[in-house]
Amino acid sequence: MTGNADLKSAVVIGAGTMGAGIAYVAATAGYTVDLVEPDGTRRAAVGPQLRTVFDKAVARGKATAQDADAAHARIAYRASLTEVAEGADVIVEAVPERPELKRAVLAEAAARKPRLLASNTSSIPIASLAEGLPRPEAFLGLHFFNPVYAMPLLEIVIGRETSEDAREQALALARELGKDPIVVNDFPGFATSRLGVALGLEAIRMLEDGVASAADIDKAMVLGYRHPMGPLELTDIVGLDVRLDIARTLQKAYGDRFAPPELLVSKVAEGKLGKKTGEGFHVWEGR
Ligand code: NAD
């Protein structure tokens, strides 16, 4: 942290799609942010990437150049949690959707004694991530949406042991970050992923069955049901690997209605992860 006692402090673990976005909104809201990313290539890329997002906010008149520069300067990039001071106001974990990885990262994060500890998990029950944490009452789910700077929803997931105080802190944080929260009880997939992934998986099965092209399956939901984008395009934006991990978690919880379709498994194996790699169910080059 910067050591400025007047500023609130946030630590974000994992500088991928979500962690970078969470760091952006926290810094914009006036927090000092430590963004922890062990992958050197990713760590080097995220600063310039965030600079572009701040520049776009200025170009669209959403921030002054001075405020954007100040917010960008509040973000520090760290290779490890050991470089982060103890006692942050909030630590948000945003590493890949794998329970054992998240548990290890959360244990390390808890040792830095934050006031509030949160996971950005899309699907894993908070109670299962809380196991073994020294202060499970200060732990909950803060499920942001992609892109974090644009999506208004924050899904706050209350675990079995989450305290009323932690719930209130999360609601206050949502207001500070300009998010519109919902408070959800601790079921796998919560309120959002359980419904969104069900639709996405069924769209992939429809593609496998040959019901229609990817473009037309998406168009069906956009023009027929007023969805802002189709379920396959959304899967491309989220990341096919991210959706596969979520589907596996939900399959364990709810059975084979959430079994990942073969087409999803094979595309992930081929490295066709969606927008971030240039191809998923659609081709993104030049789009
Ligand atoms: P991502 O793969 O883009 O980013 C994960 C980052 O974590 C990577 O940069 C990786 O290097 C880093 N990482 C791996 N191990 C680490 C460790 N031990 N310590 C610190 N960093 C580590 O993934 P993402 O899409 O940002 O997803 C992160 C979490 O957010 C997942 O739980 C996912 O389910 C959830 N989520 C994703 C979306 C989405 O649309 N992508 C939306 C909401 C929630």
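Atom set for the values below is all heavy atoms of this structure, side chains included, hydrogens, waters and symmetry mates excluded. One-based numbering, in listed order, for ligands and for the atoms of each.
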For residues 252-260, which side-chain donor-acceptor pairs fall under 3.5 Å, sequence neighbours excluded?
{"from": "Tyr254", "atom 1": "OH", "to": "Pro188", "atom 2": "O", "distance (Å)": "2.8"}
{"from": "Tyr254", "atom 1": "OH", "to": "Arg194", "atom 2": "NH1", "distance (Å)": "3.0"}
{"from": "Asp256", "atom 1": "OD1", "to": "Gln251", "atom 2": "NE2", "distance (Å)": "2.9"}

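- Of the candidates Asn120, Leu154, Leu177, Leu142 forms a side-chain contact (heavy atoms from CB on, under 4.5 Å) with just one, namely Leu154.
- Between Lys8 and Glu176, at least one side-chain nitrogen of the basic residue sits less than 4.0 Å from a carboxylate oxygen of the acidic one, meeting the salt-bridge criterion.
- The shortest side-chain heavy-atom distance between Thr192 and Leu153 falls under the 4.5 Å cut-off.
- Close N/O approach between Lys276 and ligand 1 is not found [any backbone or side-chain N/O within under 3.5 Å].
- Atoms of ligand 1 found under 4.0 Å from any heavy atom of Pro38 (numbered from 1 in listed order, with element): 16 (C), 17 (C), 19 (N), 20 (C), 21 (N), 22 (C).
- Electrostatic pairing of Asp209 and Arg205 does not count as a salt bridge here, judged by no charged N lying under 4.0 Å from a carboxylate O.
- In the vicinity of His143, heavy-atom distances shorter than 4.0 Å reach the ligand 1 atoms 43 (C), 44 (C).
- Using a 4.0 Å heavy-atom cutoff, Glu93 is absent from the residues neighbouring ligand 1.
- Contacts between Asp245 and ligand 1 below 4.0 angstrom, taking non-hydrogen atoms only, are absent altogether.
- The Lys102 neighbourhood of ligand 1 comprises atoms 31 (C), 32 (O), with distances under 4.0 Å to a heavy atom of that residue.
- Using the six-membered ring where Trp is involved, His72 and Phe54 have ring planes that are tilted, between 30° and 60° apart.
- No side-chain N or O of Ser119 forms a donor-acceptor pair with one of Thr121 less than 3.5 Å apart.
- Of all the heavy atoms of Arg42, the ones lying under 4.0 Å from any atom of ligand 1 belong exclusively to the side chain.
- The Thr17 neighbourhood of ligand 1 comprises atoms 3 (O), 25 (O), 26 (O), with distances under 4.0 Å to a heavy atom of that residue.
- Protein heavy atom in closest approach to atom 15 (N) of ligand 1: Leu101 CD2, 4.0 Å.
- Between Arg115 and Asp165, no side-chain nitrogen of the basic residue sits less than 4.0 Å from a carboxylate oxygen of the acidic one, so the salt-bridge criterion is not met.
- Atom 11 (O) of ligand 1 has Glu37 OE2, 2.6 Å as its closest protein atom, hydrogens excluded (heavy atom only).
- One option in Ala20, Gly14, Gly19, Pro96 has a heavy atom closer to atom 5 (C) of ligand 1 than any other, and that option is Pro96.
- Salt bridge Arg42/Glu37: absent, no basic N to carboxylate O contact under 4.0 Å.
- Heavy atoms of Gly239 come nearer than 4.0 angstrom to ligand 1 in no pair at all.
- Among all protein heavy atoms, the one lying closest to atom 27 (O) of ligand 1 is Met18 CG, 3.9 Å.
- With hydrogens and angles ignored, the 3.5 Å screen pairs a side-chain donor or acceptor of Asp236 with a backbone N or O of Phe281.
- Using modelled atom types and a 3.5 Å distance limit, the side chains of His227 and Asp218 yield no donor-acceptor pair.
- Heavy atoms from both the backbone and the side chain of Val95 come within less than 4.0 Å of ligand 1.
- From the protein, the heavy atom lying nearest to atom 4 (O) of ligand 1 is Gly16 CA, 3.2 Å.
- Each of the atoms 19 (N), 20 (C) of ligand 1 lies under 4.0 Å from some heavy atom of Ile13.
- Remark: the Thr32 side chain and the Arg74 side chain contain no N/O donor-acceptor pair separated by less than 3.5 Å.
- The shell of residues lying under 4.0 angstrom from ligand 1, judged by heavy atoms, includes Phe144.
- At the shortest separation from atom 18 (N) of ligand 1 among protein heavy atoms lies Val105 CG2, 3.5 Å.
- Every atom of ligand 1 is numbered from 1 in the order shown, and the set under 4.0 Å from a heavy atom of Ser122 is 33 (C), 34 (O), 35 (C), 36 (N), 37 (C), 43 (C), 44 (C).
- Closest to atom 32 (O) of ligand 1 among all protein heavy atoms lies Glu97 OE1, 2.5 Å.
- With respect to atom 23 (O) of ligand 1, the closest heavy atom belonging to the protein is Val242 CG2, 4.5 Å.
- Considering only non-hydrogen protein atoms, atom 41 (N) of ligand 1 sits nearest to Val238 O, 3.1 Å.
- The aromatic rings of Tyr149 and Tyr24 sit perpendicular, their planes meeting at an angle over 60°, well past the 30° parallel limit.
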